[in-house]
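Structure first, then comments.
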Amino acid sequence: MKLRIVVTLKPGVLDPQGKAIEHALGSLGFGSVGEVRAGKIFELDVADDTSDAAIDEMCRKLLANTVIENYRIERAQ
């Protein structure tokens with residue numbers, strides 16, 4: 001089973017990487033870009049019988065820092 005884990009910063013958490021990207025886009029002439037928030041995507045190929053609880057545990061223990069990040073699990077169609 002193919003999974004995509006999307007990790008983003010929680011609202012209110014400062015995002016210096018996003019701010020740097022936002023500034024760079026403006027400097028390159030892309031003035032229509034508003035706020036930028038950076039995140040990360042993990043693509044996993046796991047056994048079909050991997051439980052939802054095990055997938056959630058992988059996210060909480062390694063892939064996302066749940067103090068400052070949210071994550072979303074997407075299953076490939």
Side-chain angles (χ1 to χ4, degrees):
M1 169 173 43
K2 298 214 182 275
L3 302 174
R4 177 175 285 161
I5 312 300
V6 180
V7 180
T8 56
L9 289 170
K10 289 182 176 181
V13 174
L14 294 177
D15 185 359
Q17 183 180 17
K19 281 291 181 198
I21 294 167
E22 180 182 326
H23 177 73
L25 287 170
S27 296
L28 292 170
F30 299 104
S32 63
V33 175
E35 182 182 12
V36 175
R37 302 283 287 174
K40 50 193 169 188
I41 296 175
F42 298 96
E43 293 182 345
L44 286 73
D45 190 0
V46 299
D48 288 342
D49 62 348
T50 304
S51 70
D52 289 346
I55 295 166
D56 192 60
E57 187 174 2
M58 288 179 215
C59 294
R60 286 184 289 106
K61 286 190 172 182
L62 180 65
L63 302 179
N65 176 350
T66 57
V67 173
I68 61 169
E69 295 174 320
N70 291 321
Y71 63 89
R72 180 177 73 247
I73 301 166
E74 300 174 353
R75 288 173 170 72
Q77 299 293 330

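Predicted model only: the values in this text are computed from it and were never measured.
- To the nearest 0.5 Å, atoms NZ (Lys40) and CG (Leu9) are separated by 8.0 Å.
- A donor-acceptor pair is defined here as one N or O able to donate and one able to accept, closer than 3.5 Å; no such pair exists between the side chain of Asn70 and the backbone of Thr8.
- Cluster partners of Ile5, by chain and number: Met1, Leu3, Val7, Phe42, Leu44, Val46, Ile55, Met58, Leu62, Leu63, Tyr71, Ile73. The rule joins Ile, Leu, Val, Met, Phe, Trp and Tyr whenever side-chain heavy atoms lie under 4.5 Å apart.
- The 12-atom threshold is not exceeded at CG of Leu14, counting heavy atoms of other residues, nucleotides or ligands nearer than 6.0 Å.
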Fill in: Test side-chain contact (heavy atoms from CB on, under 4.5 Å) applied to Val6 and Glu74, step by step
CA-CA 8 Å; Val6 180; Glu74 300 174 353; 3.8 Å; yes
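- The nearest pair of heavy atoms linking Val13 to Arg37 is O-NH1, 2.9 Å.
- Taking a 6.0 Å sphere around CZ of Arg60, one finds it holds more than 12 heavy atoms contributed by other residues, nucleotides or ligands.
- Residues Glu69 and Lys10 come closest through the heavy atom pair O-CE, 3.5 Å.
- With respect to the salt-bridge test (charged N to carboxylate O, under 4.0 angstrom), the residues Lys19 and Glu22 qualify.
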